[in-house]
Amino acid sequence: MKIRLRSNLFGGIFSLSLGLILLYFIPRQIALGFDHSTGITPRSVPYGVAAVLVFCGAALLFKSLILKEDSVKELNWPQEKKALLYMLSLILYGLLVKRHFFFSTSALALVTLALSACKKWQYYLIVVGVVGILFYLMTHVLHFRIN
Amino acid sequence: MSVILSEALRQLISIQSLVFVNIGMFVGIIFGAIPGLNGNLAITILLPFTFMLEPIPAILMLCSIFFGSNFGGSISSILINTPGTNAAAATLIDGYPLCRKGYPWKALQTALIASTFGGLVSSFWLLFFAPQIGRLAIRFGAPEYFALAIFGLSIIASVSGGSIIKGIISGAIGVLISAVGIDAVSGVNRFTFNNLNLYNGIKMLAVLLGVYAIAQMISRIGGTEKHYSSELKQSGREDKLSRAEIRRCFPTMLKSSNIGAFIGAVPGTGGAIASFIAYNEAKRCAKPGDCFGEGEIKGIAAPESANNGATAATLIPLLTLGIPGDVVSATLLGAFTMQGLVVGPKLFESAGPTVYAILIGCALAQVFMFVQGKYLLKLFVKITRIPQDLLTSLLVVLCCAGALCIAHSYYDIYVLIAFGILAYFMQKIELPPVPIVLGMVLGPIAEGNLRNALVLSKGSWLIFLQRPICLAFIVLTFILMFLLKRAERKEARAARQLLEQISKDEVSSHRKEG
């Protein structure tokens, strides 16, 4: 199955949405500060960034929808499915790494090999070994406090 | 003066100094080449071990780590499309495509020669122009820094790939990332969402690792980024930098080294800005036949000469004014102090021979970098022979460990994962990653100095037009934008003509066949 992705259209939606989200959060997340004499406050640059994102997003949407200028990318669903699975593994790793660095990092390395369809068992041993060496260096040489 | 120099040489030429310069260089190259590790981390780790050394070998070892890590950063940029250091981000624009074409050796040799050349030029700048440049740099105030940052941001236009609008979006995201945390001018929290980790902002290295390394690993797993290893295996006898190619790159290296040395001498800038400006300048001066972005060796020579050109020059404001130009200089400042050397305008008077020995040693370190690089290159090319699946897995592990090493915090691993996933989706909608780095480096410099400049001028924007250095940077920005636009038009016209020529040739060949 192929998925067609119009880069200007999706880029425009992404930029516009990010800009609007920023506009919503700026007054809620940034206080005005004390010095107003220069006209530049801690909100000025974030507002500038939001304006740039909204303007550029609108420009990309205009190019895509009105001028019909767009590049279409075809994505292969089975491949994207693997990438999505890997992203989920990364998120899971993020949740577990604080509990035990060695086991969670080893698990991530093994999942990476498995998703790459690696059939050589030696590689699985090598990556676990490398994680072990790194764990030893970090805890005994660099004296990091990790689990 | 000759007495000081002869005394400096006597102090420098000792087995201890030469051995420790080489140890530092080796460690620096290794730390630079591994994504997530960097020269500053290596300096910080080895700093306690330098207590037992004499000042000259101690400082030279730490400086050599700094120089070596800058070259080392280019190795991972070229071989795995992941900059080992911020300064090597521009190298991958042409380094990785050349590697993928089957010329990893040529790319690495170009990086080595350009780095050595840049480092030597920078060392000579440090040795001969330190007092003069210090005098010029001290005249830089907030308006000049702001103008310099804007000049740097204008480079987004040339690193955006096909669409400037998409480049600006990525650049804005970079500026936004840099805005997270406590605002340095007002002390107000920005986008911290009451999360203590966000108070210190988002670490650039974690973002870089996510955007460049993790996104690429996800692509590899997804099967969209494959087979460069097999292309490397095909690299044969022609994968070697010829003398003619070195001659062709020489003007670019000379110009870029001097750009790097000048920018490096300005505190608060550094190799990352220098490499992008030099790359941009090389691209602007491209001759017909130069294919920037597709594996052009000048595109490797320019950023590498510039980022190594900035290294020794970064020490100019540190030694002459006592101002650390970047994070590494700040760490080195600690090393100087620990060795009893008080940096500042009086350093050359109080410790003349020692300082000159360090300055000459910096030039000598570049020669050792060339020698080590020449023999270690074989070893590093072998890294690319590692099977794809194993390499991907090992790199993910190294990136996670590297992220943890940045500040001994799991929070940087979360940043790494979040930006890796974001960058993967950004790749799909063709948003370029390089402007994110530019935005992150230059955004805070531009913002902080804009606000300081306006405080100085009591809110008047005319301050930017009243100061000559500032005005010069603004004019340069406009000239750059104009030249870029013109070069873009020329490129489009040349491409059109080429397409027309190809279609004409095809028609005539069909007629002949008919």
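Letters A, B, ... mirror the listed sequences (proteins, then strands); counts begin at 1. In what follows, every heavy atom counts, from backbone to side chain, and hydrogens, waters and symmetry copies are set aside.
Your options are A/Val111, A/Val52, A/Leu22, A/Leu84, and the one with the most heavy-atom pairs under 4.5 Å with chain B is A/Leu22. Chain A forms the most heavy-atom pairs under 4.5 Å with one residue out of B/Phe191, B/Tyr414, B/Phe425, and that residue is B/Phe191. The most heavy-atom pairs under 4.5 Å with chain A, out of B/Ile417, B/Asp183, B/Leu450, come from B/Ile417.
Between A/Thr112 and B/Ser393, the shortest heavy-atom distance links the atoms CG2-CA, 3.8 Å. Between B/Lys428 and A/Glu80, the shortest heavy-atom distance links the atoms NZ-OE2, 3.1 Å. The heavy-atom pair separating A/Ser71 from B/Glu430 by the smallest distance is OG-OE1, 3.0 Å. Considering every non-hydrogen atom in both A/Gln29 and B/Phe193, the closest pair reads OE1-N, 3.0 Å. Heavy atoms only, all atoms of each residue included: B/Ala172 and A/Val49 are closest at O-CG1, 3.4 Å. The minimum heavy-atom distance between B/Ile429 and A/Gly11, with the atom names listed, is CD1-CA, 3.8 Å.
Distance CG/A/Leu90 to CG/B/Leu416: 8.0 Å, rounded to 0.5 Å. A distance of 13.0 Å separates NZ in A/Lys82 from OG in B/Ser219, rounded to the nearest 0.5 Å. Note that the OG atom of A/Ser116 and the CG atom of B/Asp389 stand 5.5 Å from one another [nearest 0.5 Å].
The shortest distance between side-chain heavy atoms of A/Tyr86 and B/Thr392 does not fall below 4.5 Å. Between A/Phe55 and B/Ile168 the shortest side-chain heavy-atom distance does not fall below 4.5 Å. Contact annotation: the side chain of A/Ile40 never approaches that of B/Val455 to less than 4.5 Å [non-hydrogen atoms, C-beta and beyond]. By the 4.5 Å heavy-atom criterion applied to side chains, B/Arg190 and A/Pro42 are counted as neighbours. A/Leu18 has its side chain within reach of B/Ile173: a pair of non-hydrogen atoms, C-beta onward, lies under 4.5 Å apart.
Only the side chain of B/Ile413 comes within contact range of chain A, judged by heavy atoms closer than 4.5 Å. With a threshold of 4.5 angstrom between heavy atoms, A/Asn76 does not approach chain B through any atom at all. For A/Leu134, the part lying under 4.5 angstrom from a heavy atom of chain B is the side chain only. With a 4.5 angstrom heavy-atom cutoff, A/Lys73 touches chain B only via side-chain atoms. In this structure, the portion of A/Lys63 lying under 4.5 Å from any heavy atom of chain B is its side chain and not its backbone. The part of A/Leu75 that comes within reach of chain B is its side chain, from C-beta onward, which places non-hydrogen atoms under 4.5 angstrom from that chain. The parts of A/Val97 that come within reach of chain B are both its backbone and its side chain, each placing non-hydrogen atoms under 4.5 angstrom from that chain. Looking at A/Met87, both its backbone and its side chain come within 4.5 Å of chain B, counting heavy atoms on both sides.
Crowding of B/Asn194 atom CG: a count of heavy atoms from other residues, nucleotides or ligands under 6.0 Å not exceeding 12. Taking a 6.0 Å sphere around OH of B/Tyr199, one finds it holds more than 12 heavy atoms contributed by other residues, nucleotides or ligands.
The ring of B/Tyr410 has its center no closer than 6.0 angstrom to the ring center of A/Phe101.
A donor-acceptor contact under 3.5 angstrom links the side chains of B/Lys166 and A/Ser7, judged on distance only.
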